[in-house]
Asks: 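Can you keep this structure in mind? I'll have questions shortly.
Every chain is numbered from 1 and lettered A, B, ... according to where its sequence line falls, protein lines coming before strand lines.
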There are 4 protein chains.
Amino acid sequence: MKADAEPVPGKREAIMAAATKVFDGRGFAATTMDAIAAEAGIAKGSLYNYFKNKEDLFYQVFEHAVGQSEFEVDQMFSQSATACGKLDRILDYSFTEMSKYKALGRLVLEFWATAARKAQGELALQLREMHLRWQRRIEAILAEGVRRGEFRAGLDCAAAASLIMQTLDGIQLHDVLDLDIGARDAAYLAALKRMILDGLTNRASGGPPEMRA
Amino acid sequence: MKADAEPVPGKREAIMAAATKVFDGRGFAATTMDAIAAEAGIAKGSLYNYFKNKEDLFYQVFEHAVGQSEFEVDQMFSQSATACGKLDRILDYSFTEMSKYKALGRLVLEFWATAARKAQGELALQLREMHLRWQRRIEAILAEGVRRGEFRAGLDCAAAASLIMQTLDGIQLHDVLDLDIGARDAAYLAALKRMILDGLTNRASGGPPEMRA
Amino acid sequence: MKADAEPVPGKREAIMAAATKVFDGRGFAATTMDAIAAEAGIAKGSLYNYFKNKEDLFYQVFEHAVGQSEFEVDQMFSQSATACGKLDRILDYSFTEMSKYKALGRLVLEFWATAARKAQGELALQLREMHLRWQRRIEAILAEGVRRGEFRAGLDCAAAASLIMQTLDGIQLHDVLDLDIGARDAAYLAALKRMILDGLTNRASGGPPEMRA
Amino acid sequence: MKADAEPVPGKREAIMAAATKVFDGRGFAATTMDAIAAEAGIAKGSLYNYFKNKEDLFYQVFEHAVGQSEFEVDQMFSQSATACGKLDRILDYSFTEMSKYKALGRLVLEFWATAARKAQGELALQLREMHLRWQRRIEAILAEGVRRGEFRAGLDCAAAASLIMQTLDGIQLHDVLDLDIGARDAAYLAALKRMILDGLTNRASGGPPEMRA
DNA sequence: AATGAATGAGCATTCATTCAT
DNA sequence: AATGAATGAATGCTCATTCAT
């Protein structure tokens, strides 16, 4: 039978739900097809009626999770009118809500660290595209902010967007790895946000003194 | 023969070089002891005369690479008198030199993503310590900068250090994953550095307007 | 597939038969899973569909053999009404039938001599329980014999049972090791039995003269 | 160099002492040549200057230990004039002193259970001879006892000697395996000895009643 | 479509023995 | 005689994938 067909409605989704649970808990390498089949309550062989192989199944699960995550963040964006407000929200989100995707983040990490090595497959491309999508979104917000006078004129939006992406990914990385535990109080977060937004808004910055001492 | 001894001068180093090559190329999990032995041109069993097991070998390789990297950055630190200059240098380094440790970064990623899940082994502790060491160093520089009047009074050094660490790790992450390719021109870097340093130096920041619009 | 199930009727038994053959021939340590698989005519991996690991397989084989042996001896017990008769039968059995379990005995020996050194695993417990079960049975027979007046009053049943067990184990040991070959004639056996039973029945024993000469 | 030579006086003995210690503690299979070399304070390769291989070394060690043990028991024998007294002593010894040879007993067990399977080598012959030597000694004592009127006339000395050997080996077996722990009080031992000696001394035994009920 | 028994390649580790120095 | 580094065969176990039913 061809994989990817879906003869029994909902079965595919059921398997993916089970797989998500197991992958999240154990990671890709440590997850066995047996465990997924058991979690889904079907026979191991049946998995191969719906997915070509383990990697394929992981890919589908992963894609689905990423889609959900993106949808949620999109909602967030549209709830603020100003660029500054949007950025504020997204930073807030990074600090407080991103932990929800800890499991997903760990899977991304594992993927990059192992699977991505061997083949520059579809998933790698997918992840790169996703990254670019995000970066462009941030960049658009920054450009909008400059246009509206919220951010300083002459801001290098591409560079700033890149830095913000790196920072957000760095924050998520630390979150996923349980570094900086306990540093999640309000004052801390406010300081961080202020630092980032300061860099965008303050137009009178004379630059650090004696930068090349 | 006891592991950890080095009766044949250079042999240990030769093995580590071979192992580094194979680990870098395939990652930890995908690397077989056979492959390392073959690369080193010795019998598989001989590996165990110099290293306790695969994890130990990896650990030594890893420690060596980290040692080199830390030494290099330490050099960098001491070459600037002012806090601002030190930070400037470390940011410079992150943007330009850190790529040398791409392979190392990938291995760390793999470790965090897989091995770190199961056990809190020695390597995990080592990595956390390394992280803390860095964070404290940054924090000390910031505190020094505040004392010298380079940075704004009232700066939350811990929070700022944490953010900077996250940013640096985010930068390295993107580097390791070959994201942001081509965005390494001087103007770009200057903008990024300015953003960060602005957040530390500008004392008159009134905060972003209409933050909660 | 879960170990311990038996989806293909007789397959489990077939494997155990093959394993018994190989274990008997080579002992536990010298037996490889490959050899068992080859003897059973299946793939090595298939063994693990029916048994958790080598030790488990051995345990099952062992338990089966012990079960057969115990069943057989139980039959023997019930065929005599008097305590004296029961003991007579069990001694008979030890001298004549126990050789059937020579291979089993050798495996027990190997287990005690090697595995038992390191861990107090399940098999060790099982063996100790089996031993106690036997000892209690003997003791019960002796007590019954005393009650019925078959054996001398004041007999230390526990001590006697222990001695009898030691003797029986010693007999089996010699049997397993092929010592005393050829000393299995009727007169010999009768003499041995008489010696043991005499010790239990003669109530007027004055003790050996000049015991501490 | 030829093994078995002894160019450095005492070195051979030193190795054997070290080997004895390690073999006793871990058994044959679990003992590595490294461990023996370490215990002896010499290089692993040097072992092969004095012993052909691991098995040979074990054989020599074993032979030496057996020799010592036999010597000690021989001393014991000669200290009593009467057959009854000799037997009494040897039984005493079995119950109280044999534990000293627990390690040796365990090695014998392991040997029989593993090494003896593969090759009917020299050691197996040696052990059989030793066994026969003992059996003949017991038999001689019994015959002497009959001649002196200590034991009942018509005693089947061969059969009795065999039973006694089996019993002694059974006792040692239980001792080695730590069965019957705690049953070593004086009354217990006295009862056991009485049972055995009763079988030899009482001449008026009418045999057990209703033996074949 | 579903099953699940069978497969077999793949791998880290141990250790007795050798031999060049 | 002594060394000890090098060797490499040997083995239990996993698990993704297949395929006959």
Side-chain angles (χ1 to χ4, degrees), chain A residues 1-3 5-8 11 29-38 42-57, chain B residues 1-3 5-8 11-12 29-37 40-57, chain C residues 1-3 5-8 11-12 29-37 40-57, chain D residues 1-3 5-8 11 29-38 42-57:
Chain A
M1 172 206 167
K2 299 285 175 289
E6 187 184 0
V8 174
K11 178 76 72 95
T31 292
T32 68
M33 294 299 264
D34 284 82
I36 295 174
I42 63 173
K44 182 165 45 165
S46 302
L47 295 177
Y48 291 85
N49 288 333
Y50 295 89
F51 303 92
K52 214 175 64 191
N53 52 32
K54 188 184 176 185
E55 199 175 341
D56 179 45
L57 174 53
Chain B
M1 176 200 167
K2 298 288 172 287
E6 187 187 0
V8 174
K11 176 73 73 96
R12 185 186 184 77
T31 292
T32 68
M33 294 300 265
D34 285 85
I36 295 174
I42 61 173
K44 185 166 39 166
S46 300
L47 294 178
Y48 293 85
N49 288 337
Y50 294 88
F51 302 92
K52 213 175 63 192
N53 52 31
K54 188 184 175 185
E55 192 178 330
D56 179 46
L57 174 52
Chain C
M1 174 198 169
K2 299 288 171 288
E6 187 190 358
V8 174
K11 175 74 72 96
R12 184 186 185 76
T31 292
T32 68
M33 294 301 264
D34 285 84
I36 296 175
I42 62 174
K44 182 167 40 167
S46 300
L47 293 177
Y48 293 85
N49 289 336
Y50 294 88
F51 304 92
K52 215 174 63 192
N53 51 34
K54 189 184 176 185
E55 191 178 333
D56 178 46
L57 173 52
Chain D
M1 177 209 162
K2 298 286 174 289
E6 187 183 0
V8 174
K11 178 78 72 103
T31 292
T32 67
M33 295 299 265
D34 284 83
I36 295 174
I42 63 172
K44 183 164 45 164
S46 301
L47 295 178
Y48 291 85
N49 289 333
Y50 295 88
F51 302 92
K52 212 175 66 191
N53 52 31
K54 188 184 175 185
E55 200 173 342
D56 178 45
L57 173 53

Asks: Taking protein heavy atoms under 4.0 Å as touching, what does nucleotides 13-21 of chain E look like 5' to 3' if B marks base contact, S marks sugar-phosphate-only contact and - marks none?
Replies: BBSSBB---

Asks: State the CG-OH distance between B:Asp56 and B:Tyr48, to the nearest 0.5 angstrom.
Replies: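 Result: 10.5 Å between the selected atoms.
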
Asks: Measuring from A:Glu55:CD to A:Lys52:NZ, what's the distance to the nearest 0.5 Å?
Replies: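 Rounded to the nearest 0.5 Å, the CD-NZ separation comes to 8.0 Å.
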
Asks: With Watson-Crick and G-U wobble geometry limited to distances under 3.5 Å, how should the secondary structure of DNA chain F be encoded in dot-bracket form, using | for bases paired to another strand and [ ] for crossing pairs?
Replies: .||||||||||||||||||||

Asks: Under 4.0 Å, counting only non-hydrogen atoms across every strand here, what does C:Leu47 touch: a base, just sugar-phosphate, or nothing?
Replies: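 Here C:Leu47 touches no strand at all.
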
Asks: Please step through side chain to side chain contact (heavy atoms under 4.5 Å, CB included) for the pair B:Ile36 and B:Met33, ending with a clear verdict.
Replies: CA-CA 5 Å; B:Ile36 295 174; B:Met33 294 300 265; 4.3 Å; yes

Asks: Taking only residues two or more places apart in sequence or in another chain, which ones pass side-chain hydrogen bond (donor to acceptor under 3.5 Å, both in side chains) with B:Lys44?
Replies: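 Result, side-chain hydrogen bond (donor to acceptor under 3.5 Å, both in side chains) vs B:Lys44: B:Asp34.
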
Asks: Quick one: side-chain contact (heavy atoms from CB on, under 4.5 Å) partners of B:Ser46, sequence neighbours excluded?
Replies: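 B:Ser46 satisfies side-chain contact (heavy atoms from CB on, under 4.5 Å) with B:Ile42, B:Ala43, B:Asn49 once adjacent residues are dropped.
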
Asks: How close or far is atom P of F:dG12 from atom CZ of C:Phe51, stated in whole angstroms?
Replies: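 Value for this atom pair: 16 Å.
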
Asks: Under the side-chain contact (heavy atoms from CB on, under 4.5 Å) rule, collect the residues that match up with C:Ala35, sequence neighbours excluded.
Replies: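 For C:Ala35 the side-chain contact (heavy atoms from CB on, under 4.5 Å) partners, ignoring immediate neighbours, are C:Val22, C:Arg26, C:Thr32.
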
Asks: Calculate the interatomic distance between C:Tyr50 atom OH and E:dA5 atom P; express it in whole Å.
Replies: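 Roughly 6 Å, once rounded to whole Å.
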
Asks: Starting at atom CD1 of D:Ile42, determine the distance to atom C1' of F:dA1, rounded to an integer number of angstrom.
Replies: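 D:Ile42 atom CD1 is separated from F:dA1 atom C1' by 11 Å.
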
